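Report on the structure given below.
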Amino acid sequence: MRKKIILLATAAFAASSLITAPAASATPRGCGDMANGQLCIKQPAGNHYGGYYTTDYFKHSGKAAKVKLGYRARTPNGKDNGIVWDSKWLNVKAGKPVQKKRYLTMDRGWCIRGYMKSGGKTYQTKYLCWKP
């Protein structure tokens, strides 16, 4: 009987630890989940407006592909610069990230989003914005 109580207590503890485990994190700010990977625009370290912005793509699965990375910036009044394709064509394989880093000067109220071109299609991230 004592062994049965210990086993039940152990099972109950294990079940409660599974229930209270934290959920998987949501898509990071500035990223977009795709069927076979994640496309992100990352801001400079230290949350500064000006600095190195990185567009990156991490392919989770699927066959190798060629991609081109870029970005689009938008001012507080809604004017944008159009898509800037600033990388060469990059070979991407599952499990291997590709990225393009560039220095940009941004101000409060500006927004930026990452872009990727592959197989005749264009993909974009959510806007990453700084409130005025």
Side-chain angles (χ1 to χ4, degrees):
M1 178 71 170
R2 182 176 166 101
K3 286 182 184 178
K4 190 174 182 182
I5 292 172
I6 291 172
L7 287 174
L8 288 173
T10 304
F13 176 74
S16 69
S17 65
L18 291 175
I19 293 168
T20 59
S25 63
T27 303
R29 185 170 173 248
C31 293
D33 286 324
M34 301 166 57
N36 64 351
Q38 190 174 66
L39 178 64
C40 297
I41 184 80
K42 295 179 180 171
Q43 67 194 52
N47 206 13
H48 300 287
Y49 303 130
Y52 287 97
Y53 288 81
T54 305
T55 304
D56 67 15
Y57 175 59
F58 183 81
K59 186 174 183 66
H60 299 300
S61 61
K63 60 184 180 178
K66 286 191 176 274
V67 301
K68 196 169 207 179
L69 301 174
Y71 72 95
R72 178 181 228 153
R74 183 179 70 193
T75 65
N77 65 5
K79 183 178 178 186
D80 71 58
N81 64 346
I83 301 172
V84 177
W85 297 107
D86 57 354
S87 84
K88 60 184 181 184
W89 284 98
L90 305 167
N91 293 314
V92 61
K93 296 178 182 178
K96 305 283 184 184
V98 291
Q99 64 179 219
K100 173 59 181 167
K101 185 183 283 192
R102 84 278 298 157
Y103 189 91
L104 298 172
T105 303
M106 305 279 280
D107 289 318
R108 286 179 156 237
W110 281 62
C111 298
I112 188 169
R113 71 181 348 160
Y115 277 85
M116 180 179 75
K117 193 185 297 189
S118 181
K121 294 183 181 178
T122 300
Y123 304 90
Q124 66 187 23
T125 67
K126 297 176 183 174
Y127 271 112
L128 185 61
C129 299
W130 289 264
K131 305 233 188 272

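The analysis underlying the following values was restricted to heavy atoms, covering all of them including side chains, and did not include hydrogens, waters or symmetry mates. Worth saying up front: this structure is predicted, and the values here are computed from it rather than measured.
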Tell me which one of Thr54, Leu128, Asp56 satisfies side-chain contact (heavy atoms from CB on, under 4.5 Å) with Ile41.
Leu128
Looking at every heavy atom in both Ala94 and His60, which two are closest together, and how far apart are they?
CB-O, 3.8 Å
Would Met34 end up clustered with Val67 when hydrophobic side chains under 4.5 Å apart are linked, directly or stepwise?
yes
Heavy-atom distance under 4.5 Å between the side chains of Tyr115 and Val84, does that happen here?
no
Between the side chain of Arg74 and the main-chain N/O of Asp80, is any donor-acceptor distance below 3.5 Å?
no
Within the side chain of Ser118, is there an N or O that forms a donor-acceptor pair under 3.5 Å with the backbone of Lys66?
yes
Given side chains that start at C-beta, do those of Gln38 and Cys40 come closer than 4.5 Å, heavy atoms only?
yes
Under a 3.5 Å distance rule, please check whether Thr105 uses its side chain to pair with a backbone N or O of Gly50 as donor and acceptor.
no
Heavy-atom distance under 4.5 Å between the side chains of Met116 and Thr55, does that happen here?
no
Contact between Leu39 and Leu69 at the side-chain level, heavy atoms closer than 4.5 Å - yes or no?
yes
How long is the span from the OG1 atom in Thr122 to the NZ atom in Lys117, to the nearest 0.5 Å?
6.0 Å
Looking at CG of Leu90 and NZ of Lys96, how far apart are the two atoms once the value is rounded to the nearest 0.5 Å?
15.0 Å
Rounded to the nearest 0.5 Å, what's the gap from CE on Met106 to SG on Cys111? Could you check?
7.5 Å
Can you measure from NZ (Lys68) to NZ (Lys88) and round to the nearest 0.5 angstrom?
11.5 Å
Are Asn36 and Ser61 close enough that some pair of their side-chain heavy atoms sits under 4.5 Å apart?
yes
Compare all side-chain heavy atoms of Cys129 with those of Trp110 and state whether any distance is below 4.5 angstrom.
no
Quick one: do Ile112 and Tyr127 end up in the same hydrophobic cluster if we chain Ile, Leu, Val, Met, Phe, Trp and Tyr together by side-chain heavy atoms under 4.5 Å apart?
no
Would you indicate whether Lys42, at its atom NZ, is surrounded by more than 12 heavy atoms from other residues, nucleotides or ligands within a distance under 6.0 Å?
no
Is the closest side-chain heavy-atom distance between Lys101 and Tyr53 below 4.5 Å?
no
